[in-house]
Structures are given as C-alpha cells and as structure tokens.
Amino acid sequence: MGTNDVSTRRRFLRVAGATLAAPAAAVAGVPAAQRPGDDARLAALEAVEAIRTLQREYARLVNAGAHAQAARLFVTPAAAAIDETVRRLAADRFAAHERIELAQGGQAATARFECTVETATPIAGRYTLVDMLRDQGEGALRTVGRRVLDSAYVKTDGAWKIARLVLLPA
C-alpha cells in the first residue's frame with residue numbers, strides 16, 4: 001500500500017465523517033420544545049408499549065393458570081370472561097400482523113394480536129379409557145391452533161386496563 005492510497009483513504013474518511021456529522025449537528029441544535037408533535041408522538045409510543053406490556057402480562061398469567069389474577073387486569077374484574085380451557089397463549093415473536101390503534105385523545109385503544117393457543121377440553125363420559133386417562137392426570141383433549149386475540153383497552157387512573165378480550169379464529 002503506497003502513501004497515495006493511505007492519504008486518499010484518510011481524505012475519504014474525513015469528508016465522509018463530516019458529511020455524516022452535519023445532519024446530526026443540525027438536529028441536535030433544535031430544542032425539543034420547538035419540534036412540533038413530538039410530545040403527542042411520544043405519548044402514543046408509550047401507550048402502545050404499555051398495551052403490549054399489559055398483553056404480555058395477561059398471557060403470562062393465563063399460562064400460569066392464575067385466572068383470578070388475570071381478571072384483575074380488566075376494567076371490571078368480575079365481568080372478565082377468561083376461557084378456562086385455554087392452557088397456553090403465545091403471541092407471535094415478530095408481531096408482523098399486530099395492529100394497535102389508539103383512539104383520538106389517547107384514552108382508549110383497540111388491538112389485534114395473532115397468537116398460538118393451546119386448549120384442553122375435558123373428555124366427557126364414563127368409559128374405561130377415559131377413567132384411565134383421568135387417573136393418569138389427563139382426561140382432556142388438547143388442541144393447538146392459530147387464533148387472533150381481538151381486544152379493547154381503556155386508560156383509567158393513568159393505567160391501561162383491558163375492556164374486552166376475545167379469541168377469534170385466525
């Protein structure tokens with residue numbers, strides 16, 4: 001490598017560095033209060049993240065079988081309709097089809113999450129095979145399938161709560 005190659009590379013890096021630093025310096029010079037819409041955008045992003053966190057907490061409690069604790073995440077815990085047959089609820093990792101829409105004012109939202117649901121429906125009847133399954137701790141028909149979790153959320157007393165939550169076919 002000759003001296004000319006080294007100086008050319010240094011010149012390129014100096015010019016490229018200055019070019020990349022100019023837009024960052026221009027944005028850094030504007031105070032946050034002067035950028036319109038930043039507060040509203042930040043509030044919307046925080047609301048969406050709070051809803052995702054609430055949804056993850058709901059799934060964690062349902063997976064643990066803590067349906068009474070999961071009901072406390074609802075606006076009216078006594079009216080929470082939690083499907084007792086659901087044993088496992090797993091949201092998609094990459095959330096390609098996740099949709100969260102905030103209502104005007106940011107106090108309500110609707111969301112649709114694609115998920116995988118495992119259900120266990122008790123086998124009815126008094127047959128020898130069913131009795132044997134029950135004795136071994138089974139006795140339930142387990143199914144795993146794709147579903148859509150359709151939900152509505154409201155913000156009450158500064159915290160998000162679940163207003164409605166329904167599992168729909170995918």
Side-chain angles (χ1 to χ4, degrees), residues 31-170:
Q34 292 180 358
R35 285 182 256 162
D38 278 356
D39 291 337
R41 185 169 183 259
L42 179 62
L45 289 172
E46 287 174 343
V48 166
E49 187 56 34
I51 289 169
R52 284 186 184 124
T53 302
L54 180 62
Q55 189 57 44
R56 283 191 297 269
E57 180 66 11
Y58 174 78
R60 186 186 69 77
L61 291 171
V62 167
N63 292 346
H67 294 200
Q69 290 176 333
R72 291 189 199 122
L73 301 175
F74 284 77
V75 174
T76 45
I82 298 174
D83 188 355
E84 298 289 328
T85 64
V86 174
R87 297 292 182 250
R88 190 169 136 315
L89 181 68
D92 285 348
R93 280 284 191 225
F94 302 111
H97 301 286
E98 172 186 291
R99 191 174 75 222
I100 300 174
E101 296 175 358
L102 291 174
Q104 194 71 0
Q107 297 299 309
T110 58
R112 291 176 66 92
F113 299 95
E114 286 194 5
C115 56
T116 303
V117 178
E118 179 183 329
T119 59
T121 307
I123 300 173
R126 298 287 305 166
Y127 304 104
T128 304
L129 184 58
V130 174
D131 290 339
M132 289 171 59
L133 286 171
R134 286 192 189 115
D135 290 342
Q136 294 176 6
E138 288 293 325
L141 177 63
R142 294 188 182 273
T143 57
V144 176
R146 305 278 306 143
R147 299 275 189 89
V148 174
L149 192 61
D150 187 38
S151 51
Y153 303 88
V154 293
K155 192 171 187 179
T156 57
D157 300 326
W160 286 94
K161 295 281 188 173
I162 301 170
R164 175 185 49 82
L165 195 128
V166 180
L167 282 169
L168 303 173

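- In this view, Glu46 satisfies the side-chain hydrogen bond (donor to acceptor under 3.5 Å, both in side chains) rule with no residue, not counting sequence neighbours.
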Going through the distances and angles, do Leu89 and Leu167 end up as a side chain to side chain contact (heavy atoms under 4.5 Å, CB included)? CA-CA 10 Å; Leu89 181 68; Leu167 282 169; 4.3 Å; yes
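- Under the rule for a side-chain hydrogen bond (donor to acceptor under 3.5 Å, both in side chains), Gln104 has no partner lying at least two apart in sequence or in another chain.
- In this structure, Leu165 and Gln55 have side chains that are in contact, with non-hydrogen atoms separated by less than 4.5 Å.
- Residues passing the salt bridge (charged side-chain N to carboxylate O under 4.0 Å, His left out) test with Glu49, sequence neighbours excluded: Arg52, Arg56.
- Residues forming a side chain to side chain contact (heavy atoms under 4.5 Å, CB included) with Ala68 (at least two apart in sequence, or on another chain): none.
- By the neighbour-count criterion of 12 heavy atoms within 6.0 Å, atom CZ of Arg146 is densely surrounded, having more than that number from other residues, nucleotides or ligands.
- If you take OH on Tyr58 and CD1 on Ile82, they are separated by 5.0 Å, rounding to the nearest 0.5 Å.
- Ile162 CD1 to Leu54 CG: the interatomic distance, rounded to the nearest 0.5 Å, is 4.5 Å.
- Atom-to-atom distance recorded for Asp83:CG and His67:NE2 is 8.5 Å, nearest 0.5 angstrom.
- The salt bridge (charged side-chain N to carboxylate O under 4.0 Å, His left out) search around Glu84 returns none, not counting sequence neighbours.
- Pairing each heavy atom of Val148 with each of Pro169, the nearest pair is CG2-O, 4.2 Å.
- Asn63 pairs by the side-chain hydrogen bond (donor to acceptor under 3.5 Å, both in side chains) definition with nothing, not counting sequence neighbours.
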Between Leu149 and Val117, is a side chain to side chain contact (heavy atoms under 4.5 Å, CB included) present by the stated rule, with each step listed? CA-CA 10 Å; Leu149 192 61; Val117 178; over 6 Å; no
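- Residue pairs that meet the side chain to side chain donor-acceptor pair (under 3.5 Å) test with at least one member in residues 160-170, sequence neighbours left out, are Asp150-Arg164.
- Partners of Thr143 under the side-chain hydrogen bond (donor to acceptor under 3.5 Å, both in side chains) rule, at least two apart in sequence or in another chain, are Thr119.
- With sequence neighbours left out, Arg60 forms a salt bridge (charged side-chain N to carboxylate O under 4.0 Å, His left out) with Glu57.
- Separation of atoms CZ (Arg112) and CZ (Arg99) is listed at 5.5 Å; rounding is to 0.5 Å.
- When the side chain to side chain contact (heavy atoms under 4.5 Å, CB included) test is applied to Ala66, the partners found at least two apart in sequence or on another chain are Leu61, Gln69.
- In terms of the salt bridge (charged side-chain N to carboxylate O under 4.0 Å, His left out) criterion, Arg72 has no residue partners (sequence neighbours excluded).
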